[in-house]
Amino acid sequence: MTKFILPFLFFALLVPAPAEDVKTRKEVADYLQNISVTIRAEDDYQKSEGSGVLITRDIEGKKITFVWTAGHVVDNLREVRNVIVEGTNKKIVEFGDVQIIKELVEGGRRVGEIKMDATVIKFSDADDGQDLALLMVRAKDYGKDNAKFYLSHDEPIIPIGSRLFHVGSLLGQMGSNSMTSGIVSQVGRIHGKMEYDQTTVTAFPGSSGGGVYLQDGRYVGMLVRGAGENFNLMVPIRRIKKWAKEHDLLWAIDPTQKAPTFKEIKNIPVEDSGFRGEPKEGGTKEMRRLPYLLRVTSTQIEE
C-alpha cells in the first residue's frame, strides 16, 4: 500500500494549481501593487524613503486620495514654529510636502510611474505615540484604487499561522512594489508601551509604512519595526482602528463612514502629541532597541 501512496503524493506535488487559483492570486497581486506607493520625504539634510497604502474617498464631488504610512517615514519633515498669540507663546507644528511615487504596472511589468505631492494631515510620533501618519494627495480626481481594511468585529485578532502578503518599497524606490509572503508568527507583542503583531513576511529598510495583507487582499497591519528580514513587527489594524476612532479618522479606513469636508480636514490637528525631545522616563529607550524598517537615505542606496 505504501509504495502506491508515495508516488501519488509525489505526483500531487507536481500538479499545477487550478487555473482559477492562479488567476485569483494574480488578481490579488495586481491589486496590492496598485494600492502600494513609495513615500519620499526630503528636506535640506536627508532624503528618506518608505512605503504607503492608498485609499480614495469622494469629497465635495471630487475623488481625493489619501495615504496611510508610518509616522517615522515623514518625521524629518516636521518643523515647529513659536508664535505669540494674544501675549501667549504658542507652538505651531508644520510639515513639508511629501512625495508620493506610484509605479504603473501592466501585466506584472513596470511601464512607468507617477509622482505627486501630498500633505500630512495627521501624525503620531514613533517614539512617544502610535507611529502612524495619514497623508492627503494634492492632485484631485486621480485615485481609482482603494485599500480594503480588515474590520471584523467578531474576530479582531488575526490568528497565529495565518498566511500573509506584504507589498512595499524594499530598499526604497529601487525595490518598489516588491511582494513577499509569510505568516502571523505571534500576536500581542508588547514593545515599549505599544502592542504589535509579529510576522515573518520578508522586509527590509524601506518597508516601513507598507501594508500587510491576508491572501484575499484585506489590509491587516502596517510594517514599522524589525530585527531581521523575517522578524518584523506590524501595527495591527485593530490598533490603527482604535487610533482612527479616537481622532475622528474612521472614514479613512471604513468606507461606510461619512467623509469629512475639505474645511473639516483642514481643521484636523496635525499632531496628536506635542511631546518631542528627550525620551520620556520608562518608555522609548526600550523601543529604540528594535530599529525602524525605514532609514533608507540616498547615501545608503548609492552604497
Side-chain angles (χ1 to χ4, degrees), residues 17 19-40 49-57 63-70 73 98-116 118 133-135 137 139 141-150 158 162-183 199-224 226 229-230 232 234-235 237 240 252-253 255 293-294 296 301:
E20 185 61 34
D21 290 345
V22 173
K23 180 182 177 182
T24 300
R25 288 199 299 271
K26 182 180 183 302
E27 289 175 346
V28 171
D30 289 345
Y31 161 69
L32 295 183
Q33 290 193 320
N34 284 335
I35 63 172
S36 301
V37 293
T38 300
I39 309 293
R40 180 173 293 164
E49 295 181 324
S51 305
V53 176
L54 299 175
I55 63 163
T56 302
R57 294 302 311 264
K63 283 193 176 298
I64 307 300
T65 300
F66 299 88
V67 184
W68 279 101
T69 189
V73 170
V98 184
Q99 189 175 65
I100 307 299
I101 306 172
K102 184 182 187 323
E103 285 215 336
L104 302 178
V105 179
E106 291 184 5
R109 301 184 67 178
R110 183 184 187 277
V111 296
E113 67 181 27
I114 298 175
K115 295 181 180 179
M116 300 165 287
L134 181 63
L135 320 178
V137 175
D141 291 326
Y142 153 72
K144 298 178 181 178
D145 305 306
N146 217 5
K148 299 178 180 66
F149 294 83
Y150 179 88
I158 306 300
S162 298
R163 301 294 302 178
L164 301 173
F165 291 135
H166 163 58
V167 177
S169 298
L170 285 68
L171 300 179
Q173 178 61 17
M174 66 181 296
S176 62
N177 274 8
S178 295
M179 186 171 185
T180 68
S181 63
I183 63 169
T199 174
T200 64
V201 295
T202 303
F204 287 94
S207 291
S208 273
V212 180
Y213 310 89
L214 294 176
Q215 290 191 305
D216 62 7
R218 284 179 294 171
Y219 181 108
V220 295
M222 177 192 298
L223 283 180
V224 289
E229 60 186 64
N230 294 111
N232 301 296
M234 64 179 180
V235 180
I237 183 59
I240 298 174
I253 61 174
L293 286 166
L294 173 69
V296 176
I301 291 174

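Residues V98 and V67 are not in side-chain contact: their nearest non-hydrogen atoms beyond the backbone lie 4.5 Å or more apart. Looking at I253 and W68, their side chains come closer than 4.5 Å, going by heavy atoms from C-beta outward. Side-chain contact between I183 and T199 is absent, with no heavy-atom pair separated by less than 4.5 Å. When side chains are defined from C-beta on, N230 counts as touching T202, because their heavy atoms get closer than 4.5 Å. The side-chain heavy atoms of R25 and Q215, taken from C-beta on, include no pair separated by under 4.5 Å. In this structure the side chain of L104 reaches within 4.5 angstrom of the side chain of I114, judged on heavy atoms. Two residues are said to be in side-chain contact when any heavy atoms from C-beta on lie closer than 4.5 Å; L54 and K102 meet this criterion.
Of the candidates N177, I35, T180, V201, V167 forms a side chain to side chain contact (heavy atoms under 4.5 Å, CB included) with just one, namely N177. Across L135, V224, V53, a single residue satisfies side chain to side chain contact (heavy atoms under 4.5 Å, CB included) together with T69, and that is L135.
Looking only at distances, a side-chain donor or acceptor of H166 sits under 3.5 Å from a matching main-chain atom of G211. No side-chain donor-acceptor contact under 3.5 Å links S36 to the backbone of Q33. Distance alone, capped at 3.5 Å, is enough to place a donor-acceptor pair between the T56 side chain and the D145 backbone.
A perpendicular orientation is assigned to the rings of Y213 and Y219, their planes being inclined by more than 60° (bins at 30° and 60°).
Rounding to the nearest 0.5 Å gives a distance of 4.0 Å between CZ of R40 and CD of E49. Taking CG of D216 as the reference point, atom OH of Y31 lies at 9.5 Å (rounded to 0.5 Å). Interatomic distance, S51 OG to I39 CD1, rounded to the nearest 0.5 Å: 7.5 Å. Here Y150 contributes atom OH and L214 contributes atom CG; the two are 7.0 Å apart, rounded to the nearest 0.5 Å. Rounding to the nearest 0.5 angstrom, the gap separating the NZ atom in K115 from the CD atom in Q173 is 7.5 Å. In this structure, CD in E113 is found 12.5 Å from CD1 in I100, a value given to the nearest 0.5 Å.
The salt bridge (Lys or Arg N to Asp or Glu O under 4.0 Å) analysis of residues 166-176, with sequence neighbours excluded, yields no pairs.
R57 meets the salt bridge (charged side-chain N to carboxylate O under 4.0 Å, His left out) test with no other residue; sequence neighbours excluded.
Pairing each heavy atom of A203 with each of L223, the nearest pair is CB-CD1, 3.7 Å. The heavy-atom pair separating R163 from S181 by the smallest distance is NH2-OG, 4.2 Å. A252 and L134 make their closest contact through CB-CD2, 3.8 Å (heavy atoms, listed as atom of the first residue, atom of the second, distance). When all heavy atoms of L170 and S178 are compared, the closest pair comes out as CD1-CB, 3.7 Å.
Between T38 and S169, the side chains place a donor N or O and an acceptor N or O closer than 3.5 Å (distance only, hydrogens not considered).
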**Study point:** Check against side-chain contact (heavy atoms from CB on, under 4.5 Å), F149 and I55
**Key:** CA-CA 10 Å; F149 294 83; I55 63 163; 3.5 Å; yes
